[in-house]
Amino acid sequence: MSGISGLSLYLPQYRVRLEDWSEWNDEPWGRVQGVVGRSFRMRGPGQSVYTLAANAVWRLIRDYDIDPARVGMLALGTESSSDNSAGAIIIKGMINDALLAHGRPELARDCEVPEFKHACLGGVYGLKAALRYLSADGAGRLAIVVCADIAEYAIGSSGEPTQGAGAVAMLVDGDAKLLEVDLAGSGSDSEYRMVDFRKPFARFHQPPRDDGQMQDLPVFNGRYSTSCYIDATHHAMEAMLTKRVARRGDGYRPVDYFDEVDAVFMHRPYHRMPATGWVMAYLFELAADDAGREQLRTYCADAGIDAGALLAELTAPSPFRGHGVTVGEDTEDVFPLAKVLRQYLRKTPLWASLVGEKLGLGSEAMRDLGNLYTAALPAWIASGLRQAVDDKLEIAGQEWLALGYGSGDAAEALPMRVGAGWRDAAARINFAEALGTPTDLSEAEYLALHEGRTAQVQAAPVHDEFVVDHVGTLDGPDFHDLGIEYYRFVGPAARG
Ligand SMILES: CC(C)(COP(=O)(O)OP(=O)(O)OC[C@H]1O[C@@H](n2cnc3c(N)ncnc32)[C@H](O)[C@@H]1OP(=O)(O)O)[C@@H](O)C(=O)NCCC(=O)NCCSC(=O)CC(=O)O
């Protein structure tokens, strides 16, 4: 069956410890730790979204000994493109340089190179496209889907502690070793929202940087964006569960799925969000039948919440009013009563089984990754598989769920099964190596990197990876390369 046969990560060297960040900003570290995480990475000097992506792909090819001639699709999922024309082909060019440097044949000429964009969901769309490719004209070939992003938020904004940067490359295969994806059983959702999280070009009113890069700060309304996440993941789950009911017959209660699934991996903009989204999906399912509503009434009685009002909140046809947004009314939490109920449930055994057991695998290590946008979900899957290897767990045949989300809004629920031969392929996942030994930034260095004053930060040594060598400045009359990045592969032996 088709699915994922390999995963490789690349994280930049530079780290911001959130304990330090909390101190710099007089924020309560205990809350930041509980809600957001422990640390995040930042792109360093000589890095762009394309070098992050190429480094992850290069590690995938190297660690899984992939035959470049078999790769018929190299897809890039990102919302951080700094080239609005070319995409994955830039990565292909870099990979060919590395292959040549290692005396290996280049990637095939008949390799498709699409880029997929939909906020944090681009990588999941890339994965679905790769699975479709392998089941059609690409039968017998391999696909690589790389998810790469640089998540930056403005200094002082609510999103500032939820930054991050990195890439995860996935080997997609007709004969999946790690995770078989049940594409036919997957659920989709999409609904246009205007202002939860966008990146219009019109926002580029910023001073020039000495590294020639753009700073990709989003325009967003934080709490509204979490309500959008909840709404989209709910509807993708519902679409998936409708297919499950059709397969299992009318006697099947969709809410039973929350017990049956062994492990769940979701888009994680910060530590708390997946638990919130998952518990909300469960509450929506409870509200969908008589037995579930009875259970909700019991919870409400114990929590001191008006059950009728909560049910009205959960069953409202659309919590968002059409295409207009009233600032203050819609941009605050759209599910306030459910939030109170979650606070109560957090102290009950239900939370331990629903969140602790289902969302626990690989979650702890993710506290050090920050928001990786498109790469956040595959990074968590990689973390879960790596933990299963390290803890010697028996997971073959387990039923897993990948729940992807992208602002704006869309979500995808992908049911997966762990392959029989998962252990060998999972043992090659470079999770610990990608975390490496990071360089912790001081406040001054953090602000310098954030503003693109990269000369003020000591460049970390690199080897066997790609860097931006320089950025073109010529704008005619005979030759034009203004803004085009030139890359350099620093070979395995070289350091610095
Ligand atoms: C989302 C945020 C507004 C959250 O900020 P705040 O912490 O101010 O919001 P909040 O007050 O609602 O708190 C969030 C959660 O923490 C809990 N909380 C708050 N204070 C607490 C405290 N003192 N102790 C314990 N928990 C606490 C709340 O109950 C809530 O839980 P509970 O959760 O149970 O209610 C911010 O992180 C942000 O603006 N992020 C950027 C946008 C973003 O990440 N959007 C999400 C996906 S978009 C994305 O990833 C991009 C893309 O798709 O491209």
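In each ligand, atom 1 is the first atom listed, and ligand 1 is the first ligand listed.
Counting heavy atoms under 4.0 Å from ligand 1, residue Asp333 does not touch it at all. When heavy-atom distances to ligand 1 are checked against a 4.0 Å cut-off, Arg346 comes that close only through its side chain, counted from C-beta outward. Under 4.0 Å from ligand 1, heavy atoms of Arg223 appear from its side chain as well as its backbone. Contact annotation for His267 and ligand 1: only side-chain heavy atoms (C-beta onward) come within less than 4.0 Å of the ligand.
In terms of heavy-atom proximity, Gly404 sits nearest to Leu377 at CA-CD2, 3.8 Å. When every heavy atom of Ala167 is checked against every heavy atom of Leu52, the shortest pair comes out as CB-O, 3.3 Å. When all heavy atoms of Ser158 and Gly222 are compared, the pair lying nearest together is OG-CA, 4.4 Å.
For atom 29 (O) of ligand 1, the nearest non-hydrogen atom from the set Lys339, Gln163, Arg342 comes from Lys339. Of the listed options Gly159, Gly404, Ser225, Ser225 places a heavy atom closest to atom 42 (C) of ligand 1.
Nearest protein heavy-atom contact of atom 51 (C) of ligand 1 is Cys120 SG, 3.2 Å. If you check which protein heavy atom lies closest to atom 37 (O) of ligand 1, you get Thr162 CG2, 3.6 Å. Among all non-hydrogen protein atoms, the one lying nearest atom 20 (N) of ligand 1 is Arg31 NE, 2.7 Å. Among all non-hydrogen protein atoms, the one lying nearest atom 33 (O) of ligand 1 is Thr276 OG1, 2.7 Å. Of the protein's non-hydrogen atoms, Tyr270 OH, 4.1 Å is the one closest to atom 4 (C) of ligand 1. Considering only non-hydrogen protein atoms, atom 36 (C) of ligand 1 sits nearest to Ser158 O, 3.6 Å. Atom 47 (C) of ligand 1 has its closest protein heavy atom at Pro269 CG, 3.6 Å. Nearest protein heavy-atom contact of atom 18 (N) of ligand 1 is Val35 CG2, 3.8 Å.
Short contacts between ligand 1 and Ser407, defined as distances under 4.0 Å to a heavy atom of the residue, involve ligand atoms 48 (S), 49 (C), 51 (C), 52 (C), 53 (O), 54 (O). The atoms of ligand 1 that sit less than 4.0 Å from any heavy atom of Gly222 are 1 (C), 3 (C), 39 (O). Atoms of ligand 1 lying under 4.0 Å from at least one heavy atom of Tyr153, given by number and element, are 41 (C), 42 (C), 44 (O). When each atom of ligand 1 is checked for a heavy atom of Gln343 under 4.0 Å away, the hits are 29 (O). Residue Glu79 approaches ligand 1 through these ligand atoms, each under 4.0 Å from one of its heavy atoms: 52 (C), 54 (O).
The N/O atoms of Tyr373, backbone and side chain alike, include none that comes under 3.5 Å of an N/O atom in ligand 1. Remark: ligand 1 and Tyr229 share no N or O pair separated by less than 3.5 Å (distance only, no angle test). Backbone and side-chain nitrogen or oxygen atoms of Tyr405 are examined, and none is located within less than 3.5 angstrom of a nitrogen or oxygen of ligand 1. Considering backbone and side-chain N/O atoms, Arg272 comes within less than 3.5 Å of an N/O atom of ligand 1. Backbone and side-chain nitrogen or oxygen atoms of Thr226 are examined, and none is located within less than 3.5 angstrom of a nitrogen or oxygen of ligand 1.
The pair Arg417-Asp182 does not count as a salt bridge, with every side-chain nitrogen at least 4.0 angstrom from each carboxylate oxygen.
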- Query: Going through the distances and angles, do Ser225 and Asp196 end up as a side-chain hydrogen bond (donor to acceptor under 3.5 Å, both in side chains)?
  - Reply: CA-CA 5 Å; Ser225 78; Asp196 72 310; 5.4 Å; no

- In sequence, state the C-alpha distance, the side-chain angles, and the governing distance for Gln47 and Tyr10, and then conclude on side-chain hydrogen bond (donor to acceptor under 3.5 Å, both in side chains). CA-CA 12 Å; Gln47 293 189 321; Tyr10 180 83; 2.9 Å; yes

- Message: The test is side-chain hydrogen bond (donor to acceptor under 3.5 Å, both in side chains); show your working for Ser81 and Glu115 and say whether it passes.
- Response: CA-CA 9 Å; Ser81 320; Glu115 177 174 317; 2.4 Å; yes

- Quick one: do Arg346 and Gln343 satisfy side-chain hydrogen bond (donor to acceptor under 3.5 Å, both in side chains)? Show the steps, please. CA-CA 5 Å; Arg346 201 172 280 282; Gln343 275 155 2; over 6 Å; no

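At least one protein heavy atom sits closer than 4.0 Å to atom 54 (O) of ligand 1.
Within the structure, ligand 1 lacks Met273 among the residues with a heavy atom less than 4.0 angstrom away.
No side-chain N or O of Glu79 forms a donor-acceptor pair with one of Thr374 less than 3.5 Å apart. Looking at Asn371 and Thr162, their side chains never bring a donor and an acceptor atom within 3.5 Å of each other. At a cut-off of 3.5 Å, with distance as the only test, a side-chain donor of Glu160 or Trp21 sits close to an acceptor on the other residue. The closest side-chain donor-acceptor pair between His450 and Gln163 falls under 3.5 angstrom. No hydrogens or angles considered: a donor-acceptor pair under 3.5 Å links the side chains of Trp400 and Gln398.
A donor-acceptor pair is defined here as one N or O able to donate and one able to accept, closer than 3.5 Å; no such pair exists between the side chain of His271 and the backbone of Gly37.
Each of Glu399, Glu285, Glu238 was evaluated against Arg244; a single residue qualifies, Glu399, per the salt bridge (charged side-chain N to carboxylate O under 4.0 Å, His left out) test.
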